[in-house]
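Taking it in order: structure first as structure tokens, then the write-up.
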Amino acid sequence: MASENNVLKMLLSRVYKAMDLLNIKPGYKKYLCEPRKTIEVAVTVKMDNGDIDIFKGYRVQHNTNRGPAKGGIRYHPDVDIDEIKALAMIMTWKCALVNIPFGGAKGGVKVDPEKLSIRELENLTRRYTSELIPNIGPEKDIPAPDMGTNAQVMAWILDTFSIDRGYIVPGVVTGKPIALGGSQGREDATSRGCVYTILSALKVLNIDTTDLDVIIQGFGNVGSNCAKILYDLGFKVIAISDVNGGIYNKKGLDINKLLEHMSKKKTIVGFKECDSIEGSKIFELDCDILIPAALENQITIENAPKIKARIVAEGANAPTTPDADEILLDKKVFLIPDILCNAGGVTVSYFEWVQGNDAYFWSKRRVNLQLRDIMEKAFYEVYNCHKEKNIDMRTAANLIGIGRVAEAVTLRGIYP
Ligand code: GLU
């Protein structure tokens with residue numbers, strides 16, 4: 001990753017801004033920015049053709065002052081250590097912001113999962129897990145799905161860890177299949193949470209929810225579920241992009257038909273009943289709500305001036321660069337920052353962990369109601385802080401999240 005686009009550097013500039021406002025002492029600032037543990041492993045895999053291949057794997061536990069480290073595992077060809085460090089830190093602030101008793105972590109393997117057979121994917125996952133066994137566990141560090149991983153990958157992690165222990169340990173991962181102790185509502189929790197924050201934003205902005213146009217970048221777990229939930233609520237999803245390109249229909253896309261197309265073709269491209277458009281062009285279209293739900297650094301100094309949305313809801317982690325933040329602020333775009341907007345996933349991961357610990361499982365209705373409570377509470381805390389202190393929404397969210405972690409660190413003190 002080019003250094004000017006280094007997601008960790010950009011994140012640190014924002015974190016320092018919030019820490020300055022919180023009057024955190026210099027030593028504690030350093031402590032809060034440094035990951036507690038950084039693990040790099042060689043993931044050795046026997047490929048289907050008999051060759052041995054080695055992939056770089058990481059797990060970063062950023063902070064564990066408020067609870068066990070928590071965060072997803074990403075399989076993507078662009079994974080690098082600075083990205084994983086940044087994403088682990090984002091998890092720490094995110095868990096603190098929605099006030100669930102977890103620290104932050106992230107893992108990743110530098111691999112294109114699309115290029116592996118199912119068997120190779122399983123081998124890779126089991127080998128990566130076995131390298132991490134001493135460092136993960138229900139009280140230590142709890143992985144979950146992220147880009148390129150899913151419930152099946154979590155099932156393999158659970159199995160590998162459980163075989164090592166000699167008994168099933170469901171709490172070692174979240175986002176696992178329901179048949180193995182997963183939670184109702186986990187699959188679309190990130191998107192549901194994202195939609196709850198959008199509905200709250202529309203309320204505080206006094207925008208009527210009828211006839212609103214939505215644009216979504218990314219059609220993976222977060223993007224596709226956001227599209228489906230918003231479509232069912234009567235919003236018009238007019239444009240979507242994925243890695244292969246974009247589609248556009250001013251009258252609104254039929255999301256049920258698009259999901260059918262997607263399940264057959266594995267891409268949105270080629271969908272009928274719409275125009276095709278360059279993926280990067282969707283940001284420039286007229287709309288009310290823009291949801292970046294793909295990778296980091298997508299809204300930049302180049303495309304931010306062209307954005308016409310009234311609300312940007314960050315379904316992805318760190319999709320906006322700090323320069324682009326300034327431009328969106330100038331344009332009076334209402335931003336729902338990542339650690340607030342996409343916290344629904346880890347919130348239902350927390351519910352899953354609680355249900356597993358109690359060996360008592362909740363209905364989907366209960367999961368979704370409690371998710372809504374947490375998301376709305378967090379939204380209003382951030383919104384009120386933004387209004388009262390006259391700071392932007394991102395800084396307000398960081399102030400609350402980082403402030404809670406700083407308080408925990410101060411109370412615990414530095415050992416020895
Ligand atoms: N990968 C998701 C995130 O970035 C979920 C993490 C989790 O559930 O632990 O928030």
Side-chain angles (χ1 to χ4, degrees), residues 7 11 58-64 66-76 79 83-109 132 136-138 140-151 153-154 157-158 170-177 181-194 196-197 218 220-223 225-226 291-296 313-319 336-356 367 371 374-375 378 397 401:
V7 61
L11 176 66
Y58 306 99
R59 182 75 182 168
V60 174
Q61 296 164 354
H62 171 254
N63 189 292
T64 52
R66 301 179 74 257
K70 185 84 191 81
I73 290 173
R74 173 172 294 200
Y75 290 172
H76 193 278
V79 158
E83 179 195 37
I84 300 298
K85 280 184 181 172
L87 294 169
M89 187 188 287
I90 287 174
M91 287 309 301
T92 302
W93 316 141
K94 192 188 297 185
C95 292
L97 176 62
V98 284
N99 219 350
I100 56 178
F102 287 140
K106 200 79 166 198
V109 179
L132 292 182
I136 59 173
K140 246 186 213 175
D141 179 3
I142 308 145
D146 196 79
M147 199 171 276
T149 58
N150 56 21
V153 172
M154 297 307 116
I157 297 176
L158 179 156
V172 66
V173 283
T174 59
K176 55 193 169 282
S183 178
Q184 296 286 342
R186 176 62 186 84
E187 196 68 28
D188 64 0
T190 308
S191 310
R192 204 164 281 280
C194 191
Y196 291 141
T197 63
N221 176 285
V222 181
N225 283 305
C226 274
I291 307 177
L295 276 170
E296 301 91 53
E314 296 185 327
N317 289 312
I336 311 174
D338 53 1
I339 59 170
L340 171 63
C341 190
N342 69 40
V346 75
T347 300
V348 176
S349 277
Y350 166 58
F351 296 162
E352 181 174 329
W353 182 75
V354 168
Q355 292 169 76
V367 169
L371 172 63
I374 288 187
M375 295 306 294

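Counting starts at 1 for both ligands and their atoms, following the listed order.
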statement: The side chain to side chain contact (heavy atoms under 4.5 Å, CB included) partners of Ala378 (sequence neighbours excluded) come to Val98, Leu340
message: Under 3.5 Å, is there a donor on one side chain and an acceptor on the other for Ser349 and Arg186?
response: yes
- prompt: Who passes side chain to side chain contact (heavy atoms under 4.5 Å, CB included) against Glu187, sequence neighbours left out?
  reply: Asn221
For ligand 1, find each of its N or O atoms that sits under 3.5 Å from a protein N or O atom, and tabulate the pairs with distances to one decimal place.
{"from": "ligand 1", "atom 1": "1 (N)", "to": "Pro145", "atom 2": "O", "distance (Å)": "3.0"}
{"from": "ligand 1", "atom 1": "1 (N)", "to": "Asp146", "atom 2": "OD1", "distance (Å)": "2.8"}
{"from": "ligand 1", "atom 1": "4 (O)", "to": "Lys94", "atom 2": "NZ", "distance (Å)": "3.2"}
{"from": "ligand 1", "atom 1": "4 (O)", "to": "Lys106", "atom 2": "NZ", "distance (Å)": "3.1"}
{"from": "ligand 1", "atom 1": "4 (O)", "to": "Asn317", "atom 2": "ND2", "distance (Å)": "3.1"}
{"from": "ligand 1", "atom 1": "8 (O)", "to": "Arg186", "atom 2": "NH2", "distance (Å)": "3.0"}
{"from": "ligand 1", "atom 1": "8 (O)", "to": "Ser349", "atom 2": "OG", "distance (Å)": "2.6"}
{"from": "ligand 1", "atom 1": "9 (O)", "to": "Lys70", "atom 2": "NZ", "distance (Å)": "2.8"}
{"from": "ligand 1", "atom 1": "10 (O)", "to": "Lys94", "atom 2": "NZ", "distance (Å)": "2.7"}

message: With rounding to the nearest 0.5 angstrom, report the CD to NE2 distance, Glu83 to His76.
response: 8.0 Å
task: List in chain and number order the residues that pass side chain to side chain contact (heavy atoms under 4.5 Å, CB included) with Thr92, two or more places apart in sequence or in another chain; answer none if no residue qualifies.
output: His62, Asn63, Val405
- prompt: Any ion pair linking Lys106 and Glu296 (charged N to carboxylate O, less than 4.0 Å)?
  reply: no
